[in-house]
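Below: the structure, in structure tokens.
Values below: every heavy atom of this structure, side chains too, minus hydrogens, waters and symmetry copies. Residue numbering restarts at 1 for every chain, and letters A, B, ... go by the order of the sequence lines.
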Amino acid sequence: MIDLKQLRDNPARFALGAKAKNVSVDVERIIALDARKRTLQTEFEKLRAEQNRLAKEIGPQIGKLKGSIKGKHGAEADAIQHEIDALSAKPVALKAASQAIESEIATLDPELQQLLLQVPLPPDPDVPIGKGSEDNIEISRWAPPGYDLAKSFEANRGFKPRTHLQLIERHGLVSFERGVKLAGTRSYILTGAGMLLHNAILRYAFDTMVHTHGFTPMSVPVIVREEAMVGTGFFPAGREQAYLVDEKNRGGSHDSFLTGTGEVGLMGVHMDEILDETSLPVRYVTVSTCFRREAGAAGKDTAGLYRIHQFDKVEQVVICRADENESRAWHKKMIGFVEQLLQSLGLPYRLLQCCTGDLGVKNADMVDIECWMPGRGEAGPDGTPRGEFGETHSASRLYDFQCRRLNMRYRPGGAGAKGETVVCHSLNNTVAASPRILIPILEMYQNADGSITIPSALRPYMNGAERIG
RNA sequence: GGAGAGGUGGCAGAGCGGUUGAAUGCGCCAGACUUGAAAUCUGGUAUGGGCUUCGGCUCAUCGGGGGUUCGAAUCCCCCCCUCUCCGCCA
């Protein structure tokens, strides 16, 4: 949620921001509704103030009269009753007027709120303008010593690469057929060493965040209320991407949604709280199963482990003070943690500065990290894939957009301080999402004989095993 | 799944139709006393919104929403949540 006051002061900034993100939103309408609402509210409050004043003044009098009427009869009682009626008449008239205004506010407020939820956070000025992922800009790339990304896999390693699908089949790491039988398209079953490798990378990533970078380990719900989805900014725009747990139709109190990322659970932990400033920055890491409908992705990446409905992800989240420099510094750090991880695994990758059109509603800035997947992409003249970068991580910087919706604040100056509360800033980044990350691992660590070397960093999590096959 | 109890400020806990945005205690902040601290005393201490001549004024909020009433934390309805007992259960 953007700050309505800011929108009032500078509507153009939000209109332009929405345009850069290819989101259509009626800023003019919001301004008009907001102005009308405030006018009505002022009128309403004047009437209410008068009502309240009268109630205090008249109340005791009515009380006395009502007391005195007891035991009286006839004309005397009628006279007192008449006096009571006269006293109550004025507030009743005021009430009718204030209720009329109140009901007008009640009709325009839902529209205002609904429009407000649609306004995207304007991209930062240093984010390049662009339509979609095709306009993202490469910032940097890295490859381990001895591997030259400018050359083919074969030129680097001396043999033609197999795709992760071929490697999976060779070693029996995944069963797609049975996964589909069991759960439908884009489903899979990790088997044997495939499951061990999956677990190893998740544990390695999780442990690194906890023990090396000081993040607090968490386990959070993956079935959440709608408020958590709206609060974290995934709804209303991304509603189609989430699985609905239909409980209302079965007599349950409310429906729930399966989360597509641990970010929802981690950010929801402190919703509606005023955090102690000394507890900031909050640094959380979780590993959770992620569910995505992949609506609208029909026909895209249908084969293999790339685009699937259910996967597991280690996710990092930072909640910090409302300070742009601090936010930016954390963004860099959180990307740095991932670079360290990928380098320790020897996986080539590149950093992509996402353009405005690829940011989504909630981000001011986003950097994607893509790993090199030698078996991905079009086949060259000899029938071997040329290799391609594939997205494995996404680092978002959201300023206070998410925390405003979640109502997560702190009071500058510490617990005893006075003054306004301030909405926190939040950031998030993938640490490792598996099985997708298995694609570059399998493809980069394959050997000429078809076996796969296990990255040394993962061996402690695989009972010391050094290779598959 | 069955039966019951309950949701009040940072916490504990009163109030159950009228100067109650809310007693009291604890906590916290400031001041006094003190060489300093403790103890004691005094004062202060919710959140959000609107208006403002920036001195303030004002509205809403006692789980959420609606209703009754001149007036609701208090009465009525719906919803949400928590707890206890029984049953089932990884």
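Annotated as syn: B:G55, whose O4'-C1'-N torsion sits within 90° of 0.
Judged as a side chain to side chain contact (heavy atoms under 4.5 Å, CB included), and not counting sequence neighbours, the contacts of A:Glu466 are A:Arg459. In terms of the side chain to side chain contact (heavy atoms under 4.5 Å, CB included) criterion, residue partners of A:Leu4 (sequence neighbours excluded) are, by chain and number, A:Leu7, A:Arg8, A:Ile30, A:Asp34, A:Leu116.
In this structure, of B:A60, B:U69, B:U58, it is B:A60 that holds the atom nearest to the side chain of A:Arg48.
Rounded to whole Å, the separation between the C1' atoms of B:U40 and B:C33 comes to 9 Å. Separation of the C1' atoms belonging to B:G15 and B:A23 is 8 Å when rounded to the nearest angstrom. Annotation: B:A46 and B:C88 have their C1' atoms spaced 44 Å apart (nearest Å). Here the separation of B:C81 from B:G71, taken at their P atoms, is 32 Å to the nearest Å. Across the P atoms, B:U24 and B:U42 are found 12 Å apart, a figure rounded to whole Å. B:A22 and B:U61 are spaced 12 Å apart, taking the C1' atom of each and rounding to whole Å. Rounded to whole Å, the separation between the P atoms of B:A3 and B:G87 comes to 16 Å.
Applying the Watson-Crick and G-U wobble criteria (two distances, each under 3.5 Å), B:C89 pairs with nothing in any strand. Remark: B:G4 base-pairs with B:C83; criterion is Watson-Crick or G-U wobble with both hydrogen-bond distances under 3.5 Å. Nucleotide B:G31: paired with B:C41 (Watson-Crick or G-U wobble, both distances less than 3.5 Å). Nucleotide B:A46: paired with B:U61 (Watson-Crick or G-U wobble, both distances less than 3.5 Å). Base pairing of B:U20 is not made with any nucleotide, judged by Watson-Crick or G-U wobble geometry with both donor-acceptor distances under 3.5 Å. For B:G36, there is no paired nucleotide, since no Watson-Crick or G-U wobble pair has both relevant distances below 3.5 Å.
With hydrogens and angles left out, the side-chain atoms of A:Gln51 and A:Ser98 include a donor and acceptor closer than 3.5 Å.
Taking only side-chain nitrogens and oxygens, A:Thr42 never comes nearer than 4.0 Å to OP1 or OP2 of B:C59. Contact annotation: A:Asn52 side-chain N/O to B:C59 OP1/OP2 distance is under 4.0 Å. Look at A:Arg53 and you won't find any side-chain N or O under 4.0 angstrom from OP1 or OP2 of B:C70.
Rounded to whole Å, the distance from CD on A:Gln51 to P on B:G18 is 19 Å.
Taking every heavy atom of residues 96-121 of chain A and every atom of RNA chain B, no pair lies under 4.0 Å.
Residues A:Arg409 and A:Glu273 are not paired through a salt bridge, judged by the lack of any N-O separation under 4.0 Å between the basic side chain and the carboxylate.
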Verify salt bridge (charged side-chain N to carboxylate O under 4.0 Å, His left out) between A:Arg36 and A:Glu104, making sure each step is shown before the conclusion. CA-CA 10 Å; A:Arg36 179 72 186 142; A:Glu104 189 178 344; 2.9 Å; yes

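Residue pairs that meet the side chain to side chain donor-acceptor pair (under 3.5 Å) test with at least one member in residues 318-332 of chain A, sequence neighbours left out, are A:Asp124-A:Arg328, A:Asp126-A:Arg328, A:Arg321-A:Glu326, A:Glu324-A:Arg328, A:Glu324-A:Tyr399, A:Ser327-A:His425. Applying the ring pair (Phe, Tyr, Trp, His ring centres under 6.0 Å) rule to pairs touching residues 174-211 of chain A yields nothing, sequence neighbours excluded.
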What pairs of donor and acceptor atoms, side-chain ones from residues 218-237 of chain A against any protein atom, are under 3.5 angstrom apart with sequence neighbours left out?
from     : atom 1 : to       : atom 2 : distance (Å)
A:Arg225 : NH2    : A:His254 : NE2    : 3.4
A:Glu226 : OE2    : A:Arg239 : NH1    : 2.7
A:Glu226 : OE2    : A:Arg239 : NH2    : 3.3
A:Thr232 : OG1    : A:Ala228 : O      : 2.7
A:Thr232 : OG1    : A:Met229 : O      : 3.3

